[in-house]
Protein chains: 2
Amino acid sequence: MNLKQLSEILGLSQTTVSRALNGYPEVNEDTRLRVQAAAAKHGYRPNSRAKGLATGRSMVIGHVIPSSSQHEMVNPIFGDFVAGAARKYSDHGYDMMFTNADDTSIEEAYRSLFQRGAVDGIVLQGPKVNEHRIEVLTRMGVPFIVHGRSTGVDVPYDWIDVNNKSSFLRATRFLIDLGHRRIALINGLEDMDFAQRRRDGYLEALHEAGLSPDPELMRSAEMTEVYGHHETRDMLRLDDPPTAILTASMISAIGVRRALNEAGLKMGKDVSVIAHDDDLSYLKNGQDVPIFTATRSSVRRAGEMAAEMLIERIKSPEDPVKTRLLEAELVVGGSTGPAPDRF
Amino acid sequence: MNLKQLSEILGLSQTTVSRALNGYPEVNEDTRLRVQAAAAKHGYRPNSRAKGLATGRSMVIGHVIPSSSQHEMVNPIFGDFVAGAARKYSDHGYDMMFTNADDTSIEEAYRSLFQRGAVDGIVLQGPKVNEHRIEVLTRMGVPFIVHGRSTGVDVPYDWIDVNNKSSFLRATRFLIDLGHRRIALINGLEDMDFAQRRRDGYLEALHEAGLSPDPELMRSAEMTEVYGHHETRDMLRLDDPPTAILTASMISAIGVRRALNEAGLKMGKDVSVIAHDDDLSYLKNGQDVPIFTATRSSVRRAGEMAAEMLIERIKSPEDPVKTRLLEAELVVGGSTGPAPDRF
DNA sequence: TGCGTTATCCAAAGCGCTTTGAAAATGAGT
DNA sequence: ACTCATTTTCAAAGCGCTTTGGATAACGCA
């Protein structure tokens with residue numbers, strides 16, 4: 001059932017039917033009702049490709065899944081971020097499109113998505129330091145928003161980010177206040193911008209307290225459970241092992257916990273742990289009392305906000321750049337306590 | 001840059017340019033090269049909406065994210081499944097589209113996706129028992145594939161599924177062979193088809209061994225860490241607590257482990273645990289020796305296969321129904337051991 | 001030279017919608 | 001009754017591509 005057929009059934013022109021359905025004022029309210037009834041009855045749905053061709057808008061937002069060939073890793077926050085965004089998109093009549101791209105073709109993927117007219121806007125996830133893609137998107141003139149920021153990129157762009165530096169600064173201070181001096185950082189990959197900022201926060205807190213950073217206590221890799229476990233076990237073997245560990249995600253924190261248990265150490269007593277908690281739906285940080293002391297910021301909420309900001313941008317391409325910095329909560333759970341007395 | 005402009009630059013007709021670019025034989029190889037060079041030079045990319053309109057195909061596959069209003073849960077396997085599928089899609093020139101729909105409007109979401117011409121095929125995820133959506137899609141005549149199956153639906157349809165029953169049957173047998181008699185099942189939501197089948201496998205193994213199921217040892221809810229923890233703690237308080245626990249996912253198994261640790265029990269010694277492992281990229285089951293004894297089946301691989309099967313279906317709508325049943329591996333890790341001697 | 005083939009290219013129709021510019025119908029005002 | 005303004009409807013163009021049905025050029029061969 002297409003517009004032509006529907007209009008023939010109704011004995012009206014396509015123009016009138018189209019206008020009736022799209023809420024234009026220049027159509028009699030009676031005919032509008034008639035048209036709407038007929039559309040519903042016959043299950044008419046305007047073809048979105050044709051509509052897109054005619055209007056020049058696709059009503060689709062694009063995301064790219066970087067499927068790196070080296071590390072076949074899907075970011076665990078992906079699902080929640082997307083779920084948050086998807087909800088807002090559908091509120092505004094947008095759909096969501098994904099393209100897969102490996103590291104080498106990622107720029108091409110963005111370009112293709114927009115220049116083919118497949119999407120009206122793009123969400124850029126997981127920016128690295130000096131993120132090249134931001135300039136690419138800027139030059140292309142596509143409306144986009146970055147989830148995160150990129151140190152070293154000086155063109156202006158819309159972004160939404162957690163204040164990673166301040167989160168880790170506060171978390172580290174918290175540990176220092178508890179008397180910890182040997183504080184480890186199990187960070188994400190440090191070419192990622194967020195990881196860099198967390199590291200900065202951590203280092204600043206150490207510096208404030210007159211503590212000098214120990215490279216042995218600073219680890220960086222992809223945020224998996226296995227990695228959290230591996231690095232913790234490794235550090236526990238040091239002559240002067242950490243009494244506290246900051247870790248970049250709940251997933252890796254679980255690995256940390258596993259390593260502590262294996263070593264017969266009690267988390268929150270022998271070793272304190274603070275994790276960053278993205279508030280994932282399938283991995284809540286306990287129910288009443290948090291399991292881990294954590295810096296918490298809902299990535300789902302970030303997805304919602306990113307979607308809204310992008311839709312705004314699409315509506316008003318000339319608006320000044322919008323940015324949004326979210327402060328993470330520091331929630332205290334059972335995984336932290338005063339530094340043990342070793343002497 | 002559109003086709004018209006490009007053809008004017010080249011001094012050729014749109015027809016020829018289009019054919020040259022799409023590999024039709026009726027164009028001189030020299031001109032083809034000329035055209036391709038010009039297209040590359042000017043960054044010409046055919047508008048996918050226009051192309052879709054003209055061809056009647058959108059080259060997009062649709063997925064629906066069911067954002068249930070009750071439980072705001074994103075399935076943790078989502079990311080990996082999608083990553084697997086996305087890769088295959090892009091190999092075949094397809095994009096991937098998501099729509100969000102709450103429980104009430106989910107049927108409408110599928111209908112809209114296809115009848116608007118937005119997608120050429122649909123992936124149905126997480127089927128329940130007696131899944132209504134399957135009949136809806138069948139009646140609509142849209143090519144689709146189900147990830148999972150649905151007991152009680154007797155129309156034929158394409159699906160790919162893990163042999164959940166056999167997995168849990170084997171896992172339960174394995175525990176019985178180790179001398180366990182009090183075996184608990186911490187299952188997913190049992191209106192989900194996969195959970196039902198796992199339950200069947202579990203019950204069958206008990207039955208074979210002449211054990212009668214104890215309702216106190218059979219739990220069912222959404223597969224979160226908190227839930228695994230909660231149910232385990234609850235069961236450990238029973239007069240006759242379980243000596244072994246089967247659990248539906250690695251995530252809930254982590255909760256199980258946490259509860260065991262809190263109770264001062266040693267996993268694999270005091271209580272054995274078997275988990276179902278979807279082989280998620282961010283949650284590998286250990287590196288060398290698996291942490292958990294597990295029934296393992298890569299959901300990413302399932303995503304790849306689903307994508308391929310769906311693309312086949314779109315190509316050949318009249319082919320007989322295709323189904324694919326994957327057997328999970330039973331990998332033995334450190335979380336299982338002989339039943340403790342309580343007497 | 002003329003004619004049939006084949007290789008190469010083209011004009012125009014059509015995909016299903018929106019939107020412009022104009023016509024027809026209605027109503028108000030005198 | 002007639003004019004003018006307003007409301008309501010319409011025909012047709014256009015969005016950017018593919019594809020049908022020809023046209024033209026090139027070629028081989030008698």
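Both backbone and side-chain heavy atoms feed into the values below; hydrogens, waters and symmetry mates do not. Naming: A, B, ... by sequence-line order, numbering from 1 per chain.
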Atom NZ of B/K4 and atom C1' of D/dC15 are separated, to the nearest Å, by 11 Å

Practice problem: State, without any angle test, whether A/D120 and A/S58 hold a side-chain donor-acceptor pair at a distance under 3.5 Å. | Solution: yes

Report task. Verify the contact: side-chain N or O of B/N47 to OP1 or OP2 of D/dC15, cut-off strictly under 4.0 Å; return yes or no. Result -> no

Under 4.0 Å, heavy atoms only, any strand: does A/T15 hit a base, just the sugar-phosphate, or nothing? base

From NZ of A/K51 across to C1' of D/dC15 the rounded distance in Å is 15 Å

A/E29 CD to C/dT26 C1', in whole Å, measures 18 Å

Between A/M192 and A/G126 the two heavy atoms that sit nearest each other are CE-O, 3.4 Å

Side-chain donor-acceptor contact under 3.5 Å, A/T16 with A/S13: yes

Taken to the nearest whole Å, CD/A/E26 to C1'/C/dT19 is 10 Å

A/R49 atom CZ is separated from D/dC15 atom C1', nearest whole Å, by 14 Å

Between B/A54 and B/G11, whichever has its closest DNA chain C nucleotide further toward 5' is B/G11

At less than 4.0 Å, is any side-chain N or O atom of B/N2 found next to OP1 or OP2 of D/dC15? Yes or no.
no

note: A/L12, atom CG; D/dA11, atom P; distance rounded to Å ~ 11 Å

Output for pair (B/Q5 CD, B/Q14 CD), nearest 0.5 Å, gives 10.0 Å

For a quick test of reading the model: is some side-chain N or O of B/T16 closer than 4.0 Å to OP1 or OP2 of C/dC9? no

Between CG of A/D30 and P of C/dA25 the distance, given in whole Å, is 18 Å

Rounded to whole Å, CG of A/N28 lies from P of C/dG27 at a distance of 11 Å

Considering only heavy side-chain atoms of B/S18, the closest of D/dA11, D/dT19, C/dT20 is D/dT19

Check every strand shown and say whether A/T31 touches a base, only sugar-phosphate, or nothing at a heavy-atom separation below 4.0 Å.
sugar-phosphate

Taken to the nearest 0.5 Å, the spacing of A/E29 CD from A/R32 CZ works out to 5.0 Å

